[in-house]
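This report refers to the structure that appears directly beneath it.
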Amino acid sequence: MKKHKWISVKNFFTLLSVALVLVVIYMNWGDIVGTFEHLNEANLFVLLLLIPEQLYMYYTCGQIFFSYIREKYRQKFSKKEQMRVATELNFVTRAVPAGGIGGLAYLLYRFKPYGISAGQSSFLYIFRYVITTVVNYFQALVAVIVLLIMRAIPEDAMWVIWVALVMNLGMFIALTLIVFVASSKKRIGFFAKLIVKIANGFMRVVTFGRVKCMTRCNKIEEYFMDIHESVVIVKKDKKALKKPALWGLLYSFLEVGAYWVVAISLGRPELLPVIMIGEAIGSVFDGIVPYGLYELGMAGVMIALGADEGVALIIVMMTRVLTLLFTIGTGWLPYYRTIRGKKAEDERSA
């Protein structure tokens, strides 16, 4: 039987990504139509600022990783190469409906040619998520204080303050637990065995006992030990995280900045504090549920804080749609070229 040339792993992932992007467009079609219907309400010249704003946001996201790699592994990267990887990663995390898992998986694949192990890449990805979450919640706290000073929070929306405080407390507890587990070989070994036990148990239930072992414990332990070593190295040299943290700070503000640009285009720049709080609370769902709850939660918080319902919904919908379309437009081709093996000339092989 003759093997067809089009049947390959590369073709599978290419077709899969196309299908997923089409699913995303289908899921957001109502918002896409609604956005174009409301474009006449916005200042188009201000909206055009989203282009450089988004491109620089992609770049800052990449710098969270590349600044650390340059410091610890003494590797040099061209601006073109950095922007390419950042654009691809943004495409995978934002345009492909797989939550944060898709971004992590692609980062492992993308950094492998640079000699960065799976554990080290995972550490960087977790650090990026942690630093942006910390900054988001800190921004929300600052915004709450500003609104309290201005007495701009409605009495029936005081629950937002408690939600912000609980989020910050929960974040602190979660970070403490992560560092506690990752700092000890014994604890991380126990955690790895627990993960394997749960995964294999789940697989036995799903397959009705036909598949008893999904993964081997030694491979999982090796992966988590790699993360442990990265944590130990960072604890000895905390300065190595200084630049990535600063890039993460800037990236987090640029995420909020996209919504603010749209708000300014609608003549509502004063909504920045409300946007900061709404984005922080809405982002709780972002790494878990790709679409729906994030936008709904953000708009709901903005409305509760006194923003006009129509304006809040338009800001969230328009920002979501425009950034999504821009993400697909700028990220699909670099992603496709990488999956197909057609990398830039200055890109190094493993």
Side-chain angles (χ1 to χ4, degrees), residues 24-25 28 30-64 83 86-87 89-91 93-95 132-133 135-140 142-144 146-147 150 152 246-283 285-286 291 294-303 305-331:
V24 169
I25 294 174
N28 291 273
D31 288 343
I32 292 173
V33 173
T35 293
F36 284 98
E37 289 177 351
H38 288 288
L39 278 180
N40 62 332
E41 301 174 27
N43 186 319
L44 296 182
F45 292 102
V46 175
L47 277 182
L48 286 175
L49 293 175
L50 279 175
I51 296 175
E53 194 271 349
Q54 286 292 290
L55 288 174
Y56 192 58
M57 189 183 78
Y58 302 165
Y59 179 75
T60 56
C61 179
Q63 289 307 303
I64 299 174
M83 193 64 188
T87 304
L89 185 61
N90 182 74
F91 170 77
T93 54
R94 290 177 177 269
T132 52
T133 303
V135 174
N136 273 346
Y137 292 171
F138 178 73
Q139 287 178 350
V142 171
V144 166
V146 170
L147 291 178
M150 297 172 62
L246 290 175
W247 283 112
L249 175 67
L250 181 56
Y251 173 78
S252 296
F253 185 76
L254 289 172
E255 274 194 313
V256 174
Y259 293 95
W260 195 32
V261 168
V262 174
I264 294 172
S265 75
L266 295 169
R268 302 299 300 272
E270 76 281 0
L271 290 178
L272 176 60
V274 173
I275 290 172
M276 292 169 70
I277 299 171
E279 202 276 337
I281 295 177
S283 66
F285 306 100
D286 195 28
Y291 303 104
Y294 171 63
E295 292 79 11
L296 183 63
M298 181 176 178
V301 171
M302 290 175 63
I303 294 168
L305 289 172
D308 180 77
E309 181 177 345
V311 172
L313 290 172
I314 290 173
I315 289 174
V316 174
M317 175 184 68
M318 191 174 290
T319 305
R320 171 68 187 141
V321 168
L322 294 178
T323 54
L324 174 63
L325 294 178
F326 191 71
T327 294
I328 294 173
T330 58

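The minimum heavy-atom distance linking Thr132 with Gly248 is given by the pair CG2-O, 4.2 Å. When all heavy atoms are compared, the tightest approach of Gly278 to Val301 is CA-CG1, 3.8 Å. The heavy-atom pair separating Met318 from Ala42 by the smallest distance is SD-CB, 4.4 Å. The two residues Ala140 and Ala280 come nearest to each other via the heavy atoms CB-CB, 3.6 Å. Closest non-hydrogen pair, Ala143 versus Met276, comes out as CB-CB, 4.1 Å. Nearest heavy-atom pair, Asp308 versus Gly310, reported as atom, atom and distance to 0.1 Å: OD2-N, 3.1 Å.
Counting heavy atoms from C-beta outward, Leu47 and Leu39 have side chains that approach closer than 4.5 Å. Within the 4.5 Å cutoff, no side-chain heavy atoms of Thr319 are placed close to those of Leu50. In this structure the side chain of Tyr56 never reaches within 4.5 angstrom of the side chain of Tyr251, judged on heavy atoms. Counting heavy atoms from C-beta on, the side chains of Thr327 and Tyr58 come closer than 4.5 Å. In this structure the side chain of Thr87 never reaches within 4.5 angstrom of the side chain of Leu55, judged on heavy atoms. Annotation: side chain of Phe326 is in contact with side chain of Ile51 (closest heavy-atom distance under 4.5 Å).
The line from CG of Leu322 to CG of Leu48 is 10.0 Å long, rounded to the nearest 0.5 Å. Distance CG/Asn136 to CD1/Ile277: 12.5 Å, rounded to 0.5 Å. In this structure, CG in Leu254 is found 5.0 Å from CD in Glu53, a value given to the nearest 0.5 Å. Here CG of Leu249 is found 10.5 Å from OG1 of Thr60. Values are rounded to the nearest 0.5 Å. Between atom CG of residue Asn90 and atom CD of residue Gln54 there is a gap of 7.0 Å, rounded to the nearest 0.5 Å. Rounding to the nearest 0.5 Å places CE of Met302 at 5.0 Å from CD1 of Ile275.
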### Task
Apply side chain to side chain contact (heavy atoms under 4.5 Å, CB included) to Ile314 and Val262, showing your working.
CA-CA 9 Å; Ile314 290 173; Val262 174; 5.7 Å; no
### Message
Assess the residue pair Ile315 and Trp260 against the criterion (side chain to side chain contact (heavy atoms under 4.5 Å, CB included)); give the C-alpha distance rounded to whole Å, side-chain angles, the decisive distance to 0.1 Å, and a yes or no.
### Response
CA-CA 8 Å; Ile315 289 174; Trp260 195 32; over 6 Å; no
### Verdict with reasoning, Leu313 to Met317, per side chain to side chain contact (heavy atoms under 4.5 Å, CB included)
CA-CA 6 Å; Leu313 290 172; Met317 175 184 68; 5.9 Å; no
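Residues forming a side-chain hydrogen bond (donor to acceptor under 3.5 Å, both in side chains) with Glu309 (at least two apart in sequence, or on another chain): none.
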